[in-house]
Amino acid sequence: QVQLAESGGGLVQAGGSLRLSCAASGFTFSSYTMGWFRQAPGKEREFVAAISRIGGSQNVADSVKGRFIISRDNAKNTLYLQMNSLKPEDTALYYCAARRSVLAVDTSGLYDYWGQGTQVTVSS
């Protein structure tokens, strides 16, 4: 049974940092491209970042480029998102997703599996 479990969300002041984790199980983690998406209340789900199967290729949304870093540890079956210089507009429910492909794409409909999300709230 495939499971993606996000953790690490919380309440932080603007300018602060958080590190999200996504623990994967039930599939061969190293065979999947992984991504982070987010959804704020009343808005559509949007792409944040994606990383290829062994981490050699990354795709990061312009809105978070230079502030967020995506990484993975295939030995631990875990995906990470280091979020720095957080802004109130980063407030959202953050999801991790898995796609059996070599391409780190930004289209949510192309991902096969999804976690339940972890809430990030940035206060001004």
Side-chain angles (χ1 to χ4, degrees):
Q1 182 179 355
V2 172
Q3 286 193 321
L4 294 172
E6 302 94 337
S7 62
L11 174 63
V12 64
Q13 288 189 333
S17 298
L18 283 174
R19 189 194 196 200
L20 305 184
S21 298
C22 173
S25 61
F27 64 101
T28 304
F29 184 70
S30 58
S31 295
Y32 282 70
T33 288
M34 299 297 297
W36 286 101
F37 292 78
R38 66 186 183 185
Q39 188 167 18
K43 295 188 176 181
E44 293 187 353
R45 189 171 297 186
E46 67 169 342
F47 170 74
V48 176
I51 188 167
S52 60
R53 294 178 298 181
I54 60 172
S57 176
Q58 296 161 25
N59 184 3
V60 181
D62 288 342
S63 59
V64 304
K65 196 167 291 183
R67 300 188 297 122
F68 290 12
I69 301 170
I70 187 170
S71 62
R72 64 190 295 164
D73 186 338
N74 287 349
K76 296 183 178 180
N77 289 351
T78 303
L79 174 73
Y80 302 100
L81 185 68
Q82 178 66 43
M83 305 187 297
N84 302 319
S85 301
L86 283 160
K87 304 175 181 180
E89 50 263 44
D90 294 319
T91 294
L93 189 61
Y94 283 72
Y95 298 89
C96 70
R99 177 173 188 245
R100 187 172 176 83
S101 172
V102 300
L103 297 177
V105 299
D106 59 5
T107 305
S108 61
L110 295 178
Y111 283 78
D112 302 305
Y113 305 120
W114 291 83
Q116 295 298 307
T118 185
Q119 178 67 38
V120 171
T121 303
V122 184
S123 63
S124 56

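Computation of the quantities below employed the complete heavy-atom set of this structure, encompassing side-chain atoms and omitting hydrogens, waters and symmetry-equivalent molecules. Counting from 1, the numbers follow the sequence of the chain as shown. Keep in mind that what you see is a predicted model, and the values were worked out from it rather than measured.
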Can you list the residues that meet the ring pair (Phe, Tyr, Trp, His ring centres under 6.0 Å) rule with Phe37, with sequence neighbours excluded? Phe47, Tyr111, Trp114
Evaluation steps, side chain to side chain contact (heavy atoms under 4.5 Å, CB included), between Ser123 and Gln13: CA-CA 5 Å; Ser123 63; Gln13 288 189 333; 3.7 Å; yes
Return the minimal non-hydrogen interatomic distance between Ala104 and Ala50, and the atom names on each side. CB-CB, 3.7 Å
Quick one: list whatever passes side-chain contact (heavy atoms from CB on, under 4.5 Å) with Ser31, sequence neighbours left out. Thr28, Arg100
Taking Gly117's backbone N and O only, do any of them form a donor-acceptor pair with Glu6's side chain (distance below 3.5 Å, no angle check)? yes
Enumerate the side chain to side chain donor-acceptor pair (under 3.5 Å) contacts for residues 67-77, please, sequence neighbours excluded, ordered by first and then second residue. Arg67-Asp90, Arg72-Asn74
The criterion is side-chain contact (heavy atoms from CB on, under 4.5 Å); which residues satisfy it with Thr121, sequence neighbours excluded? Leu11, Thr91, Gln119
Apart from Val122 itself, its cluster of hydrophobic side chains linked below 4.5 Å comprises Val2, Leu4, Val12, Leu18, Leu20, Phe27, Phe29, Tyr32, Met34, Trp36, Val48, Ile51, Val60, Val64, Phe68, Ile70, Leu79, Leu81, Met83, Leu86, Tyr94, Tyr113, Val120
Report the residues that fulfil side chain to side chain donor-acceptor pair (under 3.5 Å) with Gln82, sequence neighbours left out, ordered by chain and then residue number. Asn84
Short side-chain to backbone donor-acceptor contact, Thr107 and Gly109, under 3.5 Å: no
Just to verify, what does Glu46 make a salt bridge (Lys or Arg N to Asp or Glu O under 4.0 Å) with, not counting sequence neighbours? Arg38
Apply side chain to side chain donor-acceptor pair (under 3.5 Å) to Arg45 and list each qualifying residue two or more places apart in sequence or on a separate chain. none
Taking every non-hydrogen atom, the tightest pair across Gln116 and Tyr95: O-CE2, 3.5 Å
What residues form a side-chain contact (heavy atoms from CB on, under 4.5 Å) with Ala23, not counting sequence neighbours? none
Which pairs, with at least one residue in residues 24-83 and sequence neighbours excluded, count as a disulfide bond (SG atoms under 2.5 Å apart)? none
List, by chain and number, the other hydrophobic cluster members for Ile69, where Ile, Leu, Val, Met, Phe, Trp and Tyr join if side-chain heavy atoms come within less than 4.5 Å, directly or indirectly. none
Taking every non-hydrogen atom, the tightest pair across Pro88 and Ala14: CD-CB, 4.1 Å
Suppose we screen for salt bridge (Lys or Arg N to Asp or Glu O under 4.0 Å). Which residues come up paired with Lys43, at least two apart in sequence or across chains? none
State the NZ-CG distance between Lys65 and Asn59, to the nearest 0.5 angstrom. 7.5 Å
